[in-house]
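All remarks here apply to the structure that follows.
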Amino acid sequence: MPNIIEITDFAAKELDVYARLNETQLMHYYEPQTGLFIAESPKVIRRALDAGFEPVSVLLERKHIETQAKEILSRCGDIPVFTADSPVITQLTGYTMARGALCAMRRKSLPSVESVCAGARRIAVLENIMNSTNIGAIFRSAAALNMDAVLLTPACSDPLYRRAVRVSMGTVFQVPWTYIGEDSADWPQKGIQKLREMGFATAAMALRENTLRIDDPCLAKEKHLAIVLGTEGDGLADETIADCDYTVKIPMTHGVDSLNVAAAGAVAFWELGKYEI
């Protein structure tokens, strides 16, 4: 049975995770053990539970207890479920919650690159992408468009930040992912070398001359392909492009010279997710 607790004291320590701790503080909440993240909306919480993440507490609009959140609460045991009407919760958190539900959940230890890529044919590699909205959108496209895994360089935003999780619609729990390297010195040379050792050809998405079109047949013939996407402003680093096996561009019209990285990722995943067996 859910342990329903009416919110009467905004200063209650149990509400810190929803009202006063930032993403970094949540990440280190149980240090040196893995920390917390916040899943937002019933659909996202459900996908996190399906992926085996452990709920710690729930913040929920009262009207959802017996409606859209009922099934979720039935899966959460007797953890605290803090509740109030929407205006009270908005005052507490500082924003309007998506579908009136937040859940604090325990992180898991990150898997190795090798385990994430085992059996994969197509993977996405994200270089220094720092906008959590873009991270979430890329994960959603990766899940929908045939990417088997996602690797992130150490400077990327955390896929378990609240906004990234919400924008991804919970697909961050469905697509295997991890960081490639522990610090900036591990990318690109060490990281790309690791990909090659695992049998992946690398395709740098970049707006350069002397590139392959994204629909070039040779790309579909690669049995294992890593699609490398760069940061929002400057794109991929020159060193990364030089180290990759292919440089690939998306042909554009009407004088448009670039796409948002999330949009470019969706196009790349759709086209390069195809391969010849």
Side-chain angles (χ1 to χ4, degrees), residues 27 37 39 44 47-48 50-53 107-182 184 186-188 190-192 194-205 214 219 222 224-232 235-237 240 244 248 259-275:
M27 186 187 301
F37 69 92
V44 170
R47 286 180 170 171
D50 290 344
F53 286 90
R107 288 172 176 263
K108 298 179 182 180
S109 297
L110 287 175
S112 67
V113 172
E114 289 81 2
S115 65
V116 164
C117 295
R121 288 179 175 269
R122 293 291 185 268
I123 65 174
V125 181
L126 312 185
E127 179 185 271
N128 303 345
I129 296 176
M130 292 171 278
N131 183 291
S132 57
T133 298
N134 284 335
I135 291 286
I138 290 169
F139 265 87
R140 190 171 182 181
S141 295
L145 301 173
N146 210 30
M147 294 297 104
D148 300 309
V150 177
L151 301 178
L152 304 97
T153 64
C156 282
S157 179
D158 186 347
L160 293 186
Y161 281 177
R162 181 183 66 87
R163 183 178 294 274
V165 172
R166 179 173 61 79
V167 172
S168 81
M169 293 300 293
T171 54
V172 293
F173 309 124
Q174 297 175 309
V175 180
W177 65 271
T178 195
Y179 287 94
I180 183 165
E182 296 182 358
S184 58
D186 292 330
W187 181 266
K190 292 180 182 178
I192 291 176
K194 180 182 284 288
L195 291 171
R196 288 202 177 102
E197 290 170 356
M198 293 188 297
F200 285 92
T202 49
M205 300 300 302
I214 196 170
L219 297 170
E222 289 288 354
H224 302 285
L225 186 66
I227 302 161
V228 188
L229 297 163
T231 188
E232 294 88 345
L236 290 171
T240 302
C244 284
V248 179
L259 294 174
N260 166 273
V261 65
V267 174
F269 301 159
W270 165 250
E271 183 62 42
L272 300 179
K274 308 169 188 176
Y275 50 83

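It should be emphasised that the depicted structure is a prediction, and the values quoted were computed from it without experimental measurement.
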Less than 4.5 Å apart, side chain to side chain, heavy atoms only: is that true for [X] and [Y]?
| X | Y | result |
| --- | --- | --- |
| Phe200 | Leu225 | no |
| Val44 | Arg47 | no |
| Leu151 | Leu126 | no |

Exercise. Does Glu114 come within less than 4.0 Å of Lys194, counting only side-chain N to carboxylate O?
Worked result: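 Judged by the 4.0 Å cut-off on N to carboxylate O distance, Glu114 and Lys194 do form a salt bridge.
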
For this session: Answer yes or no: is there an ion pair linking Asp158 with Arg107, defined by an N-O contact shorter than 4.0 Å?
Result: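 Between Arg107 and Asp158 there is a salt bridge, with a charged N closer than 4.0 Å to a carboxylate O.
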
Exercise. Which pair of non-hydrogen atoms, one from Val228 and one from Leu236, has the smallest distance, and what is that distance?
Worked result: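 Heavy atoms only, the tightest pair is O-CD1, 3.5 Å.
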
For this session: State, to 0.1 Å, how close Met147 and Ala124 come at their nearest heavy-atom pair, and which atoms those are.
Result: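 Taking every non-hydrogen atom into account, SD-N, 4.1 Å.
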
Exercise. Just checking, is any N or O donor in the side chain of Glu127 or Thr240 under 3.5 Å from an acceptor N or O on the other one?
Worked result: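 There is such a pair (donor and acceptor under 3.5 Å, judged by atom type) between the side chains of Glu127 and Thr240.
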
For this session: Quick one: which residue pairs count as a side chain to side chain donor-acceptor pair (under 3.5 Å) with a foot in residues 134-152, not counting sequence neighbours?
Result: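 Found Asn134-Glu232, Asn134-Asn260.
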
For this session: For Ser115, enumerate each residue passing the side-chain hydrogen bond (donor to acceptor under 3.5 Å, both in side chains) test, keeping only those at least two apart in sequence or located in another chain.
Result: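 Only Ser112 meet the side-chain hydrogen bond (donor to acceptor under 3.5 Å, both in side chains) criterion with Ser115.
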
For this session: Using the test side-chain hydrogen bond (donor to acceptor under 3.5 Å, both in side chains), find all partners of Ser168 that sit at least two apart in sequence or belong to another chain.
Result: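 side-chain hydrogen bond (donor to acceptor under 3.5 Å, both in side chains) check on Ser168 returns nothing, list empty.
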
Exercise. Do you know which of Val116, Ile123, Ile138, Val150 makes side-chain contact (heavy atoms from CB on, under 4.5 Å) with Val175?
Worked result: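 Among the candidates, only Val150 passes.
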
Exercise. Any sub-3.5 Å donor-acceptor pair from Thr231's side-chain atoms to Ile129's backbone N or O?
Worked result: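 Side chain of Thr231 to backbone of Ile129, a donor-acceptor pair under 3.5 Å: no, none is there.
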
Exercise. Under the 3.5 angstrom rule, does the side chain of His224 hit a backbone N or O of Arg122 as a donor-acceptor pair?
Worked result: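 Here the side-chain-to-backbone pair does not exist.
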
Exercise. Phe37 and Tyr161: aromatic ring centres closer than 6.0 Å?
Worked result: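 Distance test on ring centres: not under 6.0 Å, no.
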
